Amino acid sequence: MNFQEHAAKPLLAAAGIAVPAAKPARTPEAAAAAQKALGPVVVKAQVPTGKRGKAGGIRKADTPEQTSAAAEAILGMTIDGLRVESVLVESRADIKREFYAAVMNDPASKGPLVLFSTLGGMDIEEAAAKDASAVHRTAVDIRDGFDAKAARAMLKGLDLGDKDAQVADVLVRLYQVYRDNDAELIEINPLAVTGDGRMVALDCKFVMDDSAVKRHEELAKKGTPEKVTGLEAKGRALGLRYIELDGDVGVLANGAGLTMTTMDVVRHHGGKPANFLEIGGEAYTQAKPALELVLANPNVRSLVINFCGAFARTDVMTEGVLAALDAIKPKLPIHWSVHGTGDVEARAMLKEKLGVVPFETMDQACAAVVESARKAGGHR
Amino acid sequence: MIVRGSDRVLVQGITGKQGTFWTERMQEYGTNVVGGVNPNKAGTVHCDVPVYASAKEAKKALNDEGGFDVSVLFIPPLGVKEAALDAIEAGAKGLVVLTEYIPVHDVMWFLAAARDAGCRVLGPNTAGSVTPGECFCGFMPAFNDNIFKPGRVGVISRSGSLGTLICLNLAQAGFGQSAFIGIGGDPIIGTTTRDALETLDVDSRTDAVVIVGEIGGTMEEAAAEYAGTMKKPIAAFIAGSAAPKGKRMGHAGAIVMGDRGTYDSKARALTAAGVTVVETPSAIGAWARESIGGRRAS
């Protein structure tokens with residue numbers, strides 16, 4: 001779950017990392033009013049992407065008029081495909097230097113990774129791509145944590161002016177924010193050294209581990225809901241992993257790997273999947289609502305049902321599909337491939353209720369579904 | 001990690017609905033289940049084995065007959081860290097962690113403890129492992145003998161359902177498996193593709209290997225480095241070539257970010273290492289016939 005700057009920075013402030021005074025605004029008038037209390041400001045688009053600066057979504061303003069104009073220009077912009085609905089009006093810092101600091105989950109070391117660079121600012125990714133040594137990395141044993149001693153060791157040899165202790169302090173606090181909030185990633189960029197010698201976090205990106213949301217229900221309310229279509233929202237409400245795509249072949253399968261593969265093989269045979277929807281894991285009993293979801297997409301012209309049971313029992317899933325077919329009575333062609341746990345019972349059910357014999361392989365079922373989508377397409 | 005019929009297996013969360021169902025299947029198949037854990041039902045017998053309050057209690061009680069080697073966890077997400085640490089401290093040599101949606105900080109914690117203790121971990125978010133004809137751990141349809149047959153092809157998979165389909169394709173082509181190693185669909189897991197590849201490389205019962213990968217992460221790329229040094233023939237199928245960027249395709253680990261984790265990057269690395277990358281699962285049978293052929297086919 002992503003958190004926008006205005007939702008992430010309070011976590012830093014609560015942990016004792018300085019952030020500029022700021023106020024969110026959804027209209028130019030509100031932005032101008034916020035500026036009056038703050039003096040010189042930066043008006044910043046609130047969208048969860050790192051491309052705001054380059055897209056013109058961050059502007060300076062010194063007066064209410066300038067602030068209103070800046071907000072007017074930014075609100076309604078589309079940055080990286082995201083529409084700007086609100087801005088943050090933030091007291092402008094006197095920046096002398098910009099650093100980069102982050103903590104993230106690292107699949108390679110299977111633990112937390114602390115990152116620091118003296119090349120903070122907008123171009124950190126390019127700087128890192130050009131010179132990997134520009135970003136310093138320390139793998140942490142999560143059982144030990146990351147203390148001031150570890151932070152000082154990490155910063156040793158870097159030219160930080162006289163800011164070593166202050167930077168070390170920020171890293172330790174940032175690591176604590178990461179741990180306390182089950183972050184997948186928390187990043188300060190830039191971490192600024194101001195004219196009066198303070199360290200201030202000018203931007204913050206925070207991604208919470210989706211699997212830990214249930215430990216942070218209050219905080220999660222401040223996260224940015226993922227953009228979903230109407231059908232995707234319906235799927236989530238049912239606890240189903242449904243992603244709407246732009247093709248015309250409906251896909252119902254169990255297990256993430258098998259579902260992806262079904263899409264791949266449909267594509268391999270020249271078809272276009274209309275959705276990703278898997279009913280693996282505990283969701284295997286949800287075949288009925290799942291199929292209703294697939295068929296609610298008006299673009300679907302044919303359907304492939306590909307079950308390969310392990311934990312998910314194919315007989316239980318087939319029963320759910322039969323119930324959905326009974327309720328909806330869809331007219332479209334359906335192609336089956338059924339193997340694994342419960343497949344003998346599932347095949348018997350299909351034979352008895354529908355007079356259907358599943359294909360020998362999923363390859364054949366996918367080839368057939370692409371062919372029938374093409375034929376059905378011609379009639380519409 | 002290959003689980004053997006001689007391994008003594010503990011089931012944490014044995015009394016739950018899934019724990020019970022799959023323990024019975026494991027026992028029928030030949031898995032040597034020696035005990036279960038549920039703190040609220042300690043002292044009872046479930047699935048014909050004693051239930052203990054903890055893995056440490058189980059170890060103590062079973063010590064004279066050899067304790068336990070591997071623990072299989074049927075535990076809800078927020079309880080896994082504690083259960084895994086219990087098993088590791090009790091001296092488990094291996095853990096099979098089936099649960100999906102465990103907070104990643106918890107995962108990193110018990111993986112660090114397991115690493116220090118020399119305990120191998122399959123998962124999290126794995127369907128388990130199968131050693132055809134011997135035993136299985138987790139919720140794999142090992143008992144379906146159209147799919148799992150004793151043989152000499154080792155299979156490594158991030159996905160239970162897709163891995164099962166690959167084994168079916170091998171079986172239909174007349175090839176059994178030496179081991180199915182389900183490594184799990186999470187981004188941070190105990191046994192990586194490369195780790196499993198190293199295990200199968202030195203396994204004397206394995207003549208060839210199939211890697212069942214997915215988009216997301218860089219595990220297949222890391223495995224390719226090792227694959228290049230192997231003599232045993234290797235094929236790979238990578239799921240997700242048709243998946244859109246930036247979307248989690250069911251598995252938390254299956255997401256393409258920027259240029260990282262793409263199908264092309266994985267297929268390129270594996271191909272360069274001499275691995276045969278097949279475009280559909282059904283092509284696995286033809287590969288097996290060509291590369292292993294009549295040589296100790298099953």
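Residue numbers start from 1 in every chain, and the chains themselves are labelled A, B, ... in the order their sequence lines are given, proteins ahead of strands. Here the structure is a predicted model, which means the values were calculated and not measured.
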> How many angstroms lie between atom CD of A/Gln364 and atom OG of B/Ser282, to the nearest 0.5 angstrom?
Replying inline: 7.5 Å
> Between CZ of B/Phe237 and OG1 of A/Thr261, what distance do you get to the nearest 0.5 Å?
Replying inline: 4.0 Å
> In terms of heavy-atom pairs under 4.5 Å with chain B, which of A/Glu278, A/Arg179, A/Arg241, A/Arg267 leads?
Replying inline: A/Arg241
>> To the closest 0.5 Å, what do you measure between CD1 (A/Ile142) and CG (B/Leu111)?
In response: 10.0 Å
> Does any heavy atom of chain A fall under 4.5 Å from the side chain of B/Ser161, the backbone, both, or neither of them?
Replying inline: both
> Which answer fits B/Ala222, side chain, backbone, both or neither, if we ask what part of it has an atom under 4.5 Å from a heavy atom of chain A?
Replying inline: neither
> Looking at A/Thr341 and B/Pro141, what are the two nearest heavy atoms and their distance?
Replying inline: OG1-CB, 3.1 Å
> Distance from B/Leu78 atom CG to A/Arg215 atom CZ, nearest 0.5 Å?
Replying inline: 6.0 Å
> Between B/Ile238 and chain A, which part of the residue has a heavy atom less than 4.5 Å away: side chain, backbone, both or neither?
Replying inline: backbone
> So which part of A/Lys214 gets closer than 4.5 Å to some heavy atom of chain B, the side chain, the backbone, both or neither?
Replying inline: side chain
>> Using a 4.5 Å heavy-atom cutoff, which residues in residues 103-115 of chain A come close to chain B?
In response: A/Asn105, A/Asp106, A/Pro107, A/Ser109, A/Lys110, A/Gly111, A/Pro112
> Side chain, backbone, both or neither: which part of A/Asp264 has a non-hydrogen atom closer than 4.5 Å to chain B?
Replying inline: both
> Is the backbone of B/Ile147 close enough, under 3.5 Å, to the side chain of A/His339 for a donor and an acceptor to pair up by distance?
Replying inline: no
>> Is the shortest side-chain heavy-atom distance between A/Leu245 and B/Pro244 below 4.5 Å?
In response: yes
>> I need the A/Ser211 OG to B/Ile102 CD1 distance, nearest 0.5 Å.
In response: 8.5 Å
> What residues of residues 115-130 of chain B sit under 4.5 Å from chain A when you count only heavy atoms?
Replying inline: B/Arg115, B/Asp116
>> If I take atom CZ from residue B/Arg158 and atom CE from residue A/Met260, how far apart are they, to the nearest 0.5 angstrom?
In response: 7.5 Å
> Which bit of B/Phe21 is near chain A, if near means a heavy-atom gap under 4.5 Å: side chain, backbone, both or neither?
Replying inline: side chain
